[in-house]
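The chains referred to below are lettered A, B, ... by the order of the sequence lines, with proteins before strands, and numbering in each begins at 1.
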Protein chains: 2
Amino acid sequence: MPQRRARSSIQSVAAAAGVSPTTVSHALSGKRAVSAETRERILKAIEEQNYRPNMVAQSLRSQRTRSVALLLVDIANPYYPAVARAVHDALQAEGYVSFIGNTDGDADTERRLLTEMVARGVDGLVMQPMALSAAEVRELVGPATPLVITTTEAGDVPADSVLTDDVIGLGEAVDHLLQKGIHEFGFIGGLEGASAGPLRVDVFEAAIAAAGAQARDPWIEHAPFTREGGAAAAARLLARADRPRAILCANDLIAIGAMQAAHGAGLLVPEDVAIVGFDDIDTASLVTPPLTTVINPASAVGEACARTILWRVDSGPEAPYRRIVLPTRLVVRESA
Amino acid sequence: MPQRRARSSIQSVAAAAGVSPTTVSHALSGKRAVSAETRERILKAIEEQNYRPNMVAQSLRSQRTRSVALLLVDIANPYYPAVARAVHDALQAEGYVSFIGNTDGDADTERRLLTEMVARGVDGLVMQPMALSAAEVRELVGPATPLVITTTEAGDVPADSVLTDDVIGLGEAVDHLLQKGIHEFGFIGGLEGASAGPLRVDVFEAAIAAAGAQARDPWIEHAPFTREGGAAAAARLLARADRPRAILCANDLIAIGAMQAAHGAGLLVPEDVAIVGFDDIDTASLVTPPLTTVINPASAVGEACARTILWRVDSGPEAPYRRIVLPTRLVVRESA
DNA sequence: TAGGCGTAGCAAACCGATTTGCTTCCCTCC
DNA sequence: GGAGGGAAGCAAATCGGTTTGCTACGCCTA
């Protein structure tokens with residue numbers, strides 16, 4: 001039977017200072033006057049007992065936990081840590097802390113984490129849904145909790161959203177390749193079923209259409225967002241007799257896998273096949289050849305999510321919903 | 001003034017079912033008998049109101065939050081996400097969630113986060129101290145909260161610890177180089193003042209001594225754990241007339257920076273200077289030449305930390321302190 | 001001298017759950 | 001018929017704070 005030594009409480013401080021808990025509370029919050037002399041005694045008692053207010057009790061009373069849940073697909077995937085870090089930094093400045101949850105893009109896990117966090121009374125939720133729709137997420141969260149949907153269009157769901165305009169960067173990539181005389185574009189995107197999530201096929205198609213080029217169905221492959229997934233998908237693409245001259249990838253991991261597949265097939269990058277990634281993770285500039293990719297502003301996304309939550313906490317549910325869109329942009333290195 | 005619609009409480013469920021809150025609680029926990037018929041009514045009311053117990057209130061009453069704080073140097077640094085992920089996974093299985101905090105190796109931040117998390121009533125703390133000693137950490141946390149110190153020797157401080165035996169892997173690296181006829185070893189480690197933290201100079205010296213080789217002071221450089229830090233330190237080392245033939249680095253980021261510095265100085269890796277990293281982050285195998293490095297078992301470390309916290313929560317503070325040491329091992333690629 | 005006001009402090013209610021002690025009812029057994 | 005015991009449920013205390021209403025006192029002013 002573990003016996004846990006009790007932390008000092010407001011009661012014991014009050015007793016030591018010869019006052020009521022009320023007075024200690026007022027001395028600390030300043031919401032009502034406390035005589036200088038009494039305050040002295042209280043501060044001394046606090047010092048002696050090393051008293052720190054119990055935030056669980058405070059939260060119960062105030063109905064605010066000063067915490068935010070951040071539900072991402074997988075914190076171990078290299079794009080996300082930068083987002084998480086930015087969220088933390090922006091929240092921390094306001095005295096908030098954050099929970100992190102990994103959904104793995106699984107519907108049940110998304111549901112479970114969502115309700116768990118709501119039960120824990122988080123003041124806000126930042127979520128990147130993959131399996132669930134924005135509407136389902138709002139439904140599970142309830143109308144009261146501030147919710148920021150990221151990476152996925154929220155539509156008219158009552159939630160704020162932080163998005164990236166992927167068409168810009170991808171369009172730049174298409175233009176760049178067009179200028180080099182390349183017209184045959186392949187694409188490796190996320191899992192087939194996904195109704196939500198990062199950089200889906202339609203974005204690719206929009207970018208192609210905007211550039212006046214044309215996408216061909218057999219050149220579109222689906223793969224998990226990993227190096228292995230990218231390698232396998234690219235191998236299939238490159239084994240075709242009519243293989244594309246360029247492959248655009250939904251993230252850098254896929255792109256790096258695709259480069260490995262190209263090497264494996266004895267093809268040169270970018271001479272035989274140009275490869276473009278997405279995200280610009282650290283590794284992108286370090287591989288050989290350095291990856292041409294689209295910069296996905298992870299820190300800006302994280303910060304925008306955090307600021308939006310904080311803003312919504314202050315403004316209440318009545319304020320109109322915000323939709324923040326951040327630009328992406330191509331960085332040309334050597335793979336394309 | 002944000003008006004937050006109240007979540008349904010055990011009171012309202014009780015009212016709807018025509019029973020007292022006590023009975024609802026017992027129906028849910030099963031700690032006392034409730035008639036089948038009453039339970040029916042209660043479950044129906046719960047369903048209708050979509051009731052979920054408020055975990056803040058539960059925590060206040062039970063004095064347990066089912067949460068753990070994970071305080072790392074910087075989640076955006078590529079080694080840590082794998083640790084964090086493993087911690088999450090192991091905790092999640094037991095219904096725990098975790099807070100993450102970034103200390104940046106700063107003493108004040110370490111102190112602030114530590115007291116904040118204790119005030120939030122976390123059931124356990126996993127910390128990688130850089131500026132604070134294990135004793136100071138325990139002091140701040142108080143005797144009651146389970147504490148796992150990682151990466152730093154806890155000595156006889158009353159805390160559990162999870163460590164890696166860095167001398168093994170580093171020793172393998174030294175042996176490997178010795179066999180190649182290389183005897184002049186340089187080292188790039190963390191910041192000079194650090195009393196704690198990963199892979200300090202003494203580990204390098206121990207590995208060198210164990211191999212019967214000798215370390216030379218001017219070949220030891222200090223640098224932040226970043227690519228830029230590694231590049232700068234390596235540049236200094238390689239500019240010397242009597243430069244070392246091999247550079248061992250405290251992490252892979254430093255090593256990659258060192259490779260870039262070598263290229264910049266017109267030196268070939270590994271022919272002119274061999275470079276060995278530490279951690280085996282994803283990127284290590286993708287750079288050119290692929291980095292020879294020491295595998296730091298991030299997932300195993302994270303899992304061990306989580307399991308240790310859970311074990312200590314069950315066992316209470318009286319159980320003898322655990323010290324878990326995980327092995328490291330060299331993976332030879334092409335940089336050395 | 002009475003009225004008004006500001007200061008300082010305490011008691012009690014409250015947040016939303018769990019747990020303990022008690023009562024009531026009913027059945028069984030002697 | 002009374003004792004004993006189990007089942008079912010409620011009231012009240014508790015966790016550790018915050019907030020509100022109230023009182024007592026001293027001072028100022030009309």
Engineer: Choosing from C/dC10, D/dA8, D/dG16, which nucleotide comes nearest the side chain of A/S9?
Structural biologist: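 Per side-chain heavy atoms of A/S9, the pick is D/dG16.
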Engineer: So, is B/S62 near the phosphate of C/dT18, with a side-chain N or O under 4.0 Å from OP1 or OP2?
Structural biologist: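 No, no such contact exists.
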Engineer: Could you check whether the side chain of A/R39 and the base of C/dG9 have a donor-acceptor pair of N or O atoms closer than 3.5 Å, going by distance alone?
Structural biologist: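 Counting by modelled atom types and ignoring angles, no donor-acceptor contact under 3.5 Å is found here.
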Engineer: Could you tell me whether B/V19 contacts a base, only the sugar-phosphate backbone, or nothing, with contacts defined as non-hydrogen atoms closer than 4.0 Å?
Structural biologist: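 Sugar-phosphate: the residue B/V19, judged by heavy atoms under 4.0 Å, touches backbone atoms but no base.
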Engineer: Does D/dA12 have OP1 or OP2 sitting under 4.0 Å from an N or O in the side chain of B/T22?
Structural biologist: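 False: B/T22 side-chain N/O out of range (4.0 Å or more) of D/dA12 OP1/OP2.
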Engineer: Quick check: any donor-acceptor pair below 3.5 Å linking the side-chain of A/R61 to the base of D/dG16?
Structural biologist: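 Absent.
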Engineer: Below 4.0 angstrom from OP1 or OP2 of C/dG9, is there any side-chain N or O of A/S20?
Structural biologist: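 Checking A/S20 against C/dG9: no side-chain N or O falls below 4.0 Å of OP1 or OP2.
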Engineer: Rounded to whole Å, please give me the gap between NE2 in B/H26 and C1' in C/dG16.
Structural biologist: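 It is 15 Å, rounded to the nearest whole Å.
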Engineer: Taking for each residue the nucleotide of DNA chain D with the nearest heavy atom, is it A/Q11 or B/A36 whose nucleotide lies nearer the 5' end?
Structural biologist: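 Whichever sits nearer the 5' end wins; that is B/A36.
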Engineer: Determine the sole option in A/E40, A/E48, A/E47 for which the salt bridge (charged side-chain N to carboxylate O under 4.0 Å, His left out) test with A/K44 is passed.
Structural biologist: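 Testing A/K44 for a salt bridge (charged side-chain N to carboxylate O under 4.0 Å, His left out) against A/E40, A/E48, A/E47 leaves exactly one candidate, A/E48.
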Engineer: Between the base of D/dG17 and the side chain of A/R64, is there a donor-acceptor distance below 3.5 Å?
Structural biologist: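 Between D/dG17 and A/R64, which were checked side chain against base, a qualifying N/O pair under 3.5 Å is absent.
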Engineer: Backbone N or O of A/A33 within a donor-acceptor pair of the A/R39 side chain at under 3.5 Å?
Structural biologist: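 Not at all, since once roles are kept as given, no pair shorter than 3.5 Å links the two residues.
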Engineer: Are the side chains of B/P146 and B/D123 in contact, using a 4.5 Å heavy-atom criterion?
Structural biologist: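 No, too far: nothing below the 4.5 Å cut-off.
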Engineer: Can you figure out which of D/dG9, C/dT18, D/dG16 approaches the side chain of A/A57 most closely?
Structural biologist: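 Looking only at side-chain atoms, A/A57 lies closest to D/dG16.
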Engineer: Please confirm whether the shortest side-chain N or O distance from A/S59 to OP1 or OP2 of D/dG17 is below 4.0 Å.
Structural biologist: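 Checking D/dG17 against A/S59, no side-chain N or O comes under 4.0 Å of OP1 or OP2.
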Engineer: Report the distance from atom CE of A/M55 to atom P of D/dG17, rounded to the nearest whole Å.
Structural biologist: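 A/M55 atom CE is separated from D/dG17 atom P by 12 Å.
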Engineer: Taking the side chain of A/L60 as its heavy atoms from C-beta onward, which of D/dG21, C/dC15, D/dT19 lies nearest to it?
Structural biologist: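 When the side chain of A/L60 is considered, C/dC15 is the closest of D/dG21, C/dC15, D/dT19.
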Engineer: Under 4.0 Å between a side-chain N/O of B/Q58 and OP1 or OP2 of C/dT18, yes or no?
Structural biologist: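 So the side chain of B/Q58 is within the cut-off, an N or O lying under 4.0 Å from OP1 or OP2 of C/dT18.
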Engineer: Starting at atom CZ of B/R52, determine the distance to atom P of C/dA17, rounded to an integer number of angstrom.
Structural biologist: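 Distance check: B/R52 CZ to C/dA17 P gives 12 Å.
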Engineer: Among D/dG17, C/dG9, C/dC15, which nucleotide sits nearest the side chain of A/Q63?
Structural biologist: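 From the listed options, C/dC15 comes nearest.
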Engineer: Hey, are A/R66 and A/E94 close enough for a salt bridge, meaning a charged N less than 4.0 Å from a carboxylate O?
Structural biologist: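 Result for this pair is no, no salt bridge flagged.
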Engineer: B/I46 CD1 to C/dA17 P: how many Å, rounded?
Structural biologist: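 Between P of C/dA17 and CD1 of B/I46: 10 Å.
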Engineer: Both B/Y51 and A/R32 contact DNA chain C. Which one's nearest nucleotide lies toward the 5' end?
Structural biologist: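 The residue mapped nearer the 5' terminus is A/R32.
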Engineer: Does any part of the side chain of A/S9, heavy atoms only, come nearer than 4.5 Å to the side chain of A/N54, both counted from C-beta?
Structural biologist: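 A side-chain contact is absent here, since even the closest heavy-atom pair is not under 4.5 Å.
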Engineer: What nucleotide among D/dG9, C/dT19, D/dT18 has an atom nearest to a side-chain atom of A/I10?
Structural biologist: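 Side chain of A/I10 sits closest to D/dT18.
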Engineer: Could you check whether any side-chain heavy atom of A/I46 comes within less than 4.5 Å of a side-chain heavy atom of A/L28, counting everything from C-beta outward?
Structural biologist: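 Side chain of A/I46 against side chain of A/L28, heavy atoms only: contact under 4.5 Å found.
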Engineer: Report yes if a side-chain nitrogen or oxygen of A/T23 is closer than 4.0 Å to either non-bridging phosphate oxygen (OP1 or OP2) of C/dC10; otherwise report no.
Structural biologist: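 For C/dC10, OP1 or OP2 has a side-chain N or O of A/T23 closer than 4.0 Å.
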Engineer: Just N and O in the side chain of B/K31: are any of them under 4.0 Å from OP1 or OP2 of C/dT18?
Structural biologist: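 No.
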